[in-house]
Amino acid sequence: MTTTFAICATCGVEHSYPLPPVCAICADERQYLPLDGVQRWTTLPDLEDGRTIDIEEIEPGLHAFIVQPPVGIGHRPLLVQTDRGNLLWDPPGFISEDAIQRVRDLGGIAWIAASHPHMFGVQLEWANAFDAEVLVSEKDAGWIARQGDAIRLWDGVLELAPGLSLHRLGGHFAGSAIAHWAGADNKGVMLASDTFAPNPDIGTVTFLWSYPNRIPLSAGTVERIVNSVQDLEFDRLYGNFAPFPILHDAKAGFMRSAQRHIDWVSGKNDHLT
Ligand SMILES: [Zn+2]
Ligand SMILES: [Zn+2]
């Protein structure tokens, strides 16, 4: 494993040397520095100590990565299998020989895409292991902290394979994206990450500019997001953390949640407060 880069210990994103005084992603208003305000860096060899990546099938053709102990934000990456190649979505901030072998057995990786910069992880390191492309939403290119030849910028809608496409919706970040996949049953699967995040009530989502600091998106932005996904069908919806997936009728829940959000941020429910 290479040690030519470091990983922010708070968000798990790879950075080239020379390192900045603070990780820009963590210092941003949407995220946070460690409690004492001191930036911490780690490296792959440091993270290797006893750490594992379990890979579990969560529905036919869709696998989840469980990194233990978690790295950075501790999100849950997903691997989508297609006949044309596989997509690693929201790559982890860690990679291991065991995980590489397991992913090889699942057909390898053709494309790597993060929904937004909090999820970049060690995307170039995964790309190097599989000779894969790293697809970065053009509007978030300024957040890339480790450049490499594998990186390709995209915007709008990017069709990767029949039934698998990336859509830039913006919101949480200007480049925030979702992946839409037909699913083995063709009913549609939304890999929403936190472009809109599933809630504990199992069936609704929320739209925030900052999740940890709870800053909402406006009615206009949510309307724009709704317009961008209106033509996509999806039965299931997965966020970038394991809890609260919507496993049935997800689009109806999404549409209901969007209207609810718009109502609340436009003051329609002020009489209840
Ligand atoms: Zn960071
Ligand atoms: Zn985020």
Side-chain angles (χ1 to χ4, degrees), residues 5-44 46-47 65 67 69-78 88-95 112-125 135-137 139-147 166-179 190-199 205-218 221-222 225 237-245 257 261:
F5 67 97
I7 300 164
C8 171
T10 310
C11 71
V13 171
E14 60 190 357
H15 282 66
S16 300
Y17 292 103
L19 297 172
V22 288
C23 164
I25 290 171
C26 288
D28 177 70
E29 199 179 12
R30 278 162 284 198
Q31 200 58 20
Y32 47 85
L33 290 165
L35 273 181
D36 56 8
V38 178
Q39 174 68 41
R40 287 186 187 78
W41 301 102
T42 186
T43 62
L44 270 187
D46 283 345
L47 290 175
F65 288 28
V67 182
V71 172
I73 299 170
H75 69 281
R76 185 179 71 162
L78 297 169
L88 175 59
W89 177 245
D90 286 346
F94 179 59
I95 186 170
I112 297 164
S115 56
H116 68 293
H118 293 149
M119 304 287 119
F120 280 166
V122 293
Q123 56 187 7
L124 264 191
E125 209 55 18
L135 302 168
V136 175
S137 191
K139 296 219 161 26
D140 288 341
W143 295 96
I144 298 170
R146 185 184 177 211
Q147 293 286 355
L166 304 180
H167 302 250
R168 202 271 298 176
L169 307 181
H172 176 43
F173 273 74
S176 271
I178 55 92
M190 174 62 73
L191 306 185
S193 190
D194 61 6
T195 302
F196 30 90
N199 289 324
V205 299
T206 197
F207 304 82
L208 298 180
W209 191 71
S210 169
Y211 284 88
N213 303 327
R214 299 179 176 92
I215 307 171
L217 292 175
S218 73
T221 299
V222 172
I225 290 172
L237 182 150
Y238 298 94
N240 53 349
F241 288 85
F244 325 136
S257 312
H261 183 98

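Atoms within each ligand, like the ligands themselves, are counted from 1 in listed order. What you see below is based on every heavy atom in this structure, not just the backbone, and it leaves out hydrogens, waters and symmetry mates.
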Original post:
How many degrees, to 10°, between Cys26 SG and Cys8 SG as seen from the Zn ion (ligand 1)?
Top reply: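 Reported to 10°, the angle equals 100°.
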Original post:
If you look at His118, which of its N/O/S atoms is nearest to the Zn ion (ligand 2)?
Top reply: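 Answer by atom name: ND1.
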**OP:** Could you check which N/O/S atom of Asp194 is closest to the Zn ion (ligand 2)?
**Re:**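 Atom name of the closest N, O or S in Asp194: OD2.
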Original post:
Which is it for His172 and His118 under the ring-ring contact (aromatic ring centres under 6.0 Å, His included) test, yes or no, and what are the steps along the way?
Top reply: CA-CA 10 Å; His172 176 43; His118 293 149; 5.2 Å; yes
Subject >> Passing option when His116 is tested against Asp140, Asp194, Thr195 for side chain to side chain donor-acceptor pair (under 3.5 Å) >> reply: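 One option only clears the test, and that one is Asp194.
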Original post:
Counting only N and O atoms by type, is there a donor-acceptor contact under 3.5 Å from the side chain of Asp90 to the main-chain atoms of Phe120?
Top reply: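 Flag not set: sc Asp90 to bb Phe120 has no pair under 3.5 Å.
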Original post:
Any side-chain heavy-atom pair from Phe196 and Ser257 closer than 4.5 angstrom?
Top reply: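 Answer no - side chains too far apart.
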